[in-house]
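Contents: one structure, followed by commentary.
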Amino acid sequence: MNPAKHNGPYFVGIDIGGTNVKVGIVDDNGKSLAFCTTKTEVDKGVDAGLKNIYQAITDVLSDCQFTMDDIKAIGIATPGTMDIPGGKLVDPPNLPTWKGFPIRQTVCDHYSGKKTIYQNDANAAAYGEYWIGGAREARSLVLWTLGTGVGCGIIIDEMIIEGRHSHGGECGHMIIQMTNGRLCDSGQYGTLEAYSGGKSLVRHCQKLLDAGRSSLLHSMIEGGKELSPLLISQAAEQEDELAIELIMESAMCLGVGTTTLMHTIDPDMILFGGAVTFGGRDSELGQRFLQRIREEARQRAFKVPYENTIIDFAELGSDAGYIGVAGCARLACRKEEANDKN
């Protein structure tokens, strides 16, 4: 693949998760030219993870017949907690062996000073949806990322809301239950994540099963299947009462969180992405889930923002992170060039 035949400049996006890393090359229009997935291998430490990432970058460059000289900048996304200006992880729950690691400068140095930027993974996914995904026609966006926990990214007129201490947009930790709230892995009680995160969903489901609630899930688990959001989804698709109750409760709580952000940000769009969307727009269950969120927001929100805010599923799926953080690298380059002209 000849770089001259495509829309340069080109950017490498690296989306690092607790289990896998996705690496891709993205052009100036947001088109993914090549990508691959590798293992993070958190238990082996940061050096093993970096070795895998560097090899993945070599592989995607080879797929495009590129060298690093063809790349203008690199974007790296990781889960929090983090110091975005400092370019380092602080104490990320999903990457415990990477605690305090200066990832931005390390990758920059490895590639002989290649411009490298660092971003929160939910912010990166939000920017991907804003740039070329479901919010590409919008000026402002809230993206909820539903997975093990509940992440959130906020974009306003191309500005990513990072916050003064790199914790802007951590809306999964808003408090939605003031008294007797469920415990979140963050150590707080009553957070949105404690009600709508995948891990919390499974934990609450197990508690109800242990208390004797009737459910198809008993036989599914006895048959050797692991209790997971996917298994709960499969039971709900068979009209299991408990599974449907859990999913609709999650949706109700997300509707509360969505209303809060609607009143705070007044965005054009609020999108839902991630693995725990119960099939998304391609599933009847996913559509019921989304409709429950919309209904809760309709009941709670001011009429004007509700009627003028699009609430829907995201479009880029698991590619949003690496495409989005490549877009963040592109945005940083464009801002730098604009400052140089001034």
Side-chain angles (χ1 to χ4, degrees), residues 11-18 20-23 26 40-42 44-54 56-57 68 71-128 130-131 143 145 149 151-156 158-173 185-188 320-340:
F11 305 90
V12 169
I14 306 167
D15 182 18
I16 302 174
N20 297 310
V21 181
K22 206 158 192 178
V23 176
V26 178
T40 315
E41 295 189 301
V42 175
K44 295 183 180 179
V46 67
D47 289 341
L50 283 174
K51 181 180 178 181
N52 293 344
I53 290 168
Y54 295 149
I57 293 172
M68 190 52 75
I71 301 300
K72 186 164 187 176
I74 300 168
I76 306 168
T78 74
T81 56
M82 64 207 321
D83 175 358
I84 295 175
K88 63 181 181 180
L89 297 96
V90 176
D91 190 12
N94 292 344
L95 298 167
T97 57
W98 295 47
K99 183 176 180 178
F101 184 68
I103 189 166
R104 184 184 64 204
Q105 194 60 50
T106 301
V107 173
C108 177
D109 290 345
H110 182 83
Y111 290 108
S112 304
K114 181 71 64 176
K115 183 174 180 62
T116 305
I117 67 97
Y118 182 47
Q119 189 54 262
N120 175 280
D121 58 353
N123 291 347
Y127 191 79
Y130 179 87
W131 181 27
L143 174 70
T145 56
C152 184
I154 301 170
I155 314 292
I156 301 174
E158 263 198 330
M159 178 186 294
I160 300 169
I161 305 303
E162 297 176 353
R164 180 64 180 84
H165 306 99
S166 304
H167 284 66
E170 289 286 357
C171 301
H173 297 286
D185 284 348
S186 67
Q188 296 178 320
Y322 84 85
I323 292 175
V325 81
C328 292
R330 171 183 176 271
L331 180 62
C333 291
R334 289 161 70 91
K335 287 181 176 179
E336 190 175 83
E337 291 163 1
N339 290 337
D340 289 343

Identify each donor-acceptor pair in which a side-chain atom of residues 331-339 lies under 3.5 Å from a protein atom, sequence neighbours left out, and give them as a table.
unit_1: Glu336; atom_1: OE2; unit_2: Lys115; atom_2: NZ; d: 3.2
unit_1: Glu337; atom_1: OE2; unit_2: Lys72; atom_2: NZ; d: 2.2
unit_1: Asn339; atom_1: ND2; unit_2: Lys335; atom_2: O; d: 3.3

Within the structure provided, determine whether [X] and [Y] are in side-chain contact (heavy-atom separation under 4.5 Å).
{"X": "Ser166", "Y": "Asn120", "answer": "no"}
{"X": "Val12", "Y": "Ile57", "answer": "yes"}
{"X": "Tyr118", "Y": "Val107", "answer": "no"}

Among residues at least two apart in sequence or on other chains, which ones pass side-chain contact (heavy atoms from CB on, under 4.5 Å) with [X]?
{"X": "Glu162", "result": "Ile84, Gln119, Asn123, Ile160"}
{"X": "Gln188", "result": "His173, Ile175, Ser186, Thr191"}
{"X": "Thr145", "result": "Ala122, Ala125, Leu143"}
{"X": "Ala77", "result": "Asp15, Asp121, Ala124, Val325"}

Inter-residue atom distance Ile161.CD1 - Cys152.SG, 0.5 Å rounding:
10.5 Å
Between the CE atom in Met159 and the OH atom in Tyr127, the distance rounded to the nearest 0.5 Å is 12.0 Å
According to side-chain hydrogen bond (donor to acceptor under 3.5 Å, both in side chains), does anything in residues 80-101 pair up with another residue at least two apart or in another chain? List the pairs.
none
Please determine which of Ile76, Ile103, Thr106 meets the side-chain contact (heavy atoms from CB on, under 4.5 Å) test together with Thr116.
Ile76
